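Read the structure below first, then the notes.
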Amino acid sequence: MSFTIAIDGPAAAGKGTISRAVSEHFNFAHLDTGLLYRAVGARMLGGEDPTRAAETLEITDLERDDLRSPEVAQAASKVAVIAAVRAALVDFQRAFARRSGGAVMDGRDIGTVICPEAEVKIFVTASAEVRATRRFLELTGKGSVGTLDEVRARDERDMTRVEAPLKPADDAVLIDTTTLGVDEAVAQVLALVQARLDG
Ligand code: CDP
């Protein structure tokens, strides 16, 4: 059985947390697609051409320990505007999404471009202030500080790009985590998925 759950949204809205909880609950595989762009961005910072990096990406690139740094985050959103970079990453993502046993994919364009046929599509949002503060705390907690402006710059780049801009699919369910706790947000998504599995 293949069953795809697409979870899109801007930085620090809660996609990652919700995706991990949902994949654990249903025992589905989880792909954080942002890691692909971060890995390409990291290789670009190392001097490589981003398109070539995307075309030759390997699993070990996804295991680098610098992928969560603010520098790599900015580089990721810069390589993510390049059509050839995005195109090089499509097949891997689609194959992962349709693997048997179910998949949770989190990113920016899963419901709109990568998996428009996903069984469940969620778009997770939160106010810009809440997201910026969350990400700032997250980064300082990990010992590497990114500025609030950097998070905003990345969101702006993601929403205004020509290729696969960040936006909800027409049939996505919106979940706003500005005031919703993680547990409530997860419960809402679990209920949506369960209803689709049942019916
Ligand atoms: O963790 P966070 O939500 O801050 O970012 P991420 O999901 O790791 O993604 C890093 C960057 O990769 C984003 O700012 C996007 O520019 C890009 N990205 C994308 O274009 N499409 C995706 N499906 C996932 C990430």
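Remember, it's 1-based here, ligands and their atoms both numbered in the order they're listed. All values reported here derive from a predicted model rather than from experimental measurement.
Side-chain contact between D106 and H30: present, with at least one pair of heavy atoms (C-beta onward) separated by less than 4.5 Å. In this structure, L31 and F92 have side chains that are in contact, with non-hydrogen atoms separated by less than 4.5 Å.
Heavy-atom distances between R157 and ligand 1 stay at or above 4.0 Å for every pair. At least one heavy atom of R86 sits closer than 4.0 Å to an atom of ligand 1.
Residue contacts with ligand 1, taken as heavy atom pairs separated by less than 4.0 Å, do not involve Q74 at all. Looking at R108 against ligand 1, both its backbone and its side chain come within 4.0 Å, counting heavy atoms. At a heavy-atom distance under 4.0 Å, only side-chain atoms of R68, from C-beta outward, approach ligand 1.
Side-chain heavy-atom separations under 4.5 angstrom define the hydrophobic clusters, and the remaining members of the one that includes V124 are M1, F3, I5, I7, I18, V22, F26, F28, V104, V120, I122, V173, I175, L180, V182, V186, V189, L190, L192, V193, L197.
Within a 6.0 Å radius of CG in D171, more than 12 heavy atoms belonging to other residues, nucleotides or ligands are found.
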Point to revise | Pair E163-V81, side chain to side chain contact (heavy atoms under 4.5 Å, CB included): steps then yes or no | key: CA-CA 6 Å; E163 283 301 318; V81 308; over 6 Å; no
Review point. Does the side chain to side chain contact (heavy atoms under 4.5 Å, CB included) test come out yes or no for D109 and L166, once each step is laid out?
Key: CA-CA 6 Å; D109 62 340; L166 168 67; over 6 Å; no
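If you number the atoms of ligand 1 from 1 as listed, the ones under 4.0 Å from a heavy atom of A80 come out as 16 (O), 17 (C), 20 (O). Shown in contact with G107 at under 4.0 Å from a heavy atom are these atoms of ligand 1, numbered in order with element: 23 (N), 24 (C). Every atom of ligand 1 with a heavy atom of A11 under 4.0 Å away is listed here by number and element: 3 (O), 4 (O). Every atom of ligand 1 is numbered from 1 in the order shown, and the set under 4.0 Å from a heavy atom of S77 is 14 (O), 16 (O).
By the 3.5 Å distance cut-off applied to N or O atoms, D158 is counted among the residues near ligand 1. Residue contacts with ligand 1: Q93 is placed with no nitrogen or oxygen under 3.5 Å of a nitrogen or oxygen of the ligand (distance criterion only).
Taking R64 as the reference, A42, R43, D66, L67 meet the side-chain contact (heavy atoms from CB on, under 4.5 Å) condition, with sequence neighbours excluded.
Closest non-hydrogen pair, A126 versus D176, comes out as CA-OD1, 3.7 Å.
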